[in-house]
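Start at 1 and go down the list; that is how both ligands and their atoms are numbered. For the single chain, residues carry numbers from 1 onward in sequence order. What you are looking at is a predicted structure, and each value in this text was computed from that prediction instead of being measured.
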Amino acid sequence: MGVEQLWSLDNPVFKAFISYGMVVVLKTMAMTVLTIRQRIAHQAFVNPEDTASMKDKEGGRLKVTAHDAVERVRRCHLNDLENVIPFFLIGLLYVSTSPDLSTALLHFRVFTGARLFHSVAYLLPLPQPSRALGFFAGYVTTLSMAYRAIAATGFFF
Ligand SMILES: N[C@@H](CCC(=O)N[C@@H](CS)C(=O)NCC(=O)O)C(=O)O
């Protein structure tokens, strides 16, 4: 497949990668909005300049404070960054090796489902090992794409 066709919507693997990649990147970005919501809901701001003009319930200056509900979303966000960025970078290299469509779709779908489940498990929260299973399913899927991309170069042979 020529380079122009590889990175075009005529390539069904690249087309699928755009869709699933967008879902996981936008999900990661949604964590920013959720963090802001939790900060406002719990009046939990961590920088003195943020609270400079804010009042607490007694009318005094609002104190800088962390809140577990905010920190939980931040941990979920960080975990997304740890996993979605490698998926995206390795995914691009994987797509460049022209993998079989059904195999690629399986990887993209398992990763996307695993990350959505990981977030639900983290934010509700669900009892462990739910979150760990979501994490490992996504992690192993990315490793599998990396292995397949490296194998396609003939590196192992
Ligand atoms: N950076 C992660 C590496 C391991 C990992 O991602 N574990 C998963 C499954 S237990 C997780 O959800 N960790 C919680 C987190 O990253 O906040 C950690 O510190 O836990």
Report the residue from F88, W7, Y94 that forms a ring pair (Phe, Tyr, Trp, His ring centres under 6.0 Å) with F17. F88
Any side-chain donor paired with an acceptor under 3.5 Å for [X] and [Y]?
| X | Y | result |
| --- | --- | --- |
| H77 | T35 | no |
| N79 | R115 | yes |
| Y122 | R75 | yes |

Protein heavy atom at shortest distance from [atom]:
| atom | value |
| --- | --- |
| atom 10 (S) of ligand 1 | R131 NH1, 3.5 Å |
| atom 17 (O) of ligand 1 | Y122 OH, 2.6 Å |
| atom 4 (C) of ligand 1 | F135 CZ, 4.2 Å |
| atom 16 (O) of ligand 1 | N79 ND2, 2.8 Å |
| atom 3 (C) of ligand 1 | E82 OE1, 4.0 Å |

In ligand 1, which numbered atoms sit nearer than 4.0 Å to a non-hydrogen atom of [X]?
| X | answer |
| --- | --- |
| A132 | 9 (C) |
| H118 | 11 (C), 12 (O) |
| Q128 | 10 (S) |

So do the side chains of F14 and L6 get within less than 4.5 Å of each other, counting heavy atoms only? no
Does Y139 have a non-hydrogen atom less than 4.0 Å from ligand 1? no
If you measure from the Lys or Arg side-chain nitrogens to the Asp or Glu carboxylate oxygens, is any gap between K27 and D80 under 4.0 Å? yes
Parallel, tilted or perpendicular: which describes the rings of F108 and Y20, with under 30° parallel and over 60° perpendicular? tilted
Is the H42 ring parallel, tilted or perpendicular to the H67 ring (thresholds 30°, 60°)? parallel
Any non-hydrogen protein atom less than 4.0 Å away from atom 20 (O) of ligand 1: no
Given the protein's heavy atoms, is any one of them under 4.0 Å from atom 14 (C) of ligand 1? yes
Compute the shortest N/O to N/O distance between N83 and ligand 1 and return yes if it is under 3.5 Å, no if not. no
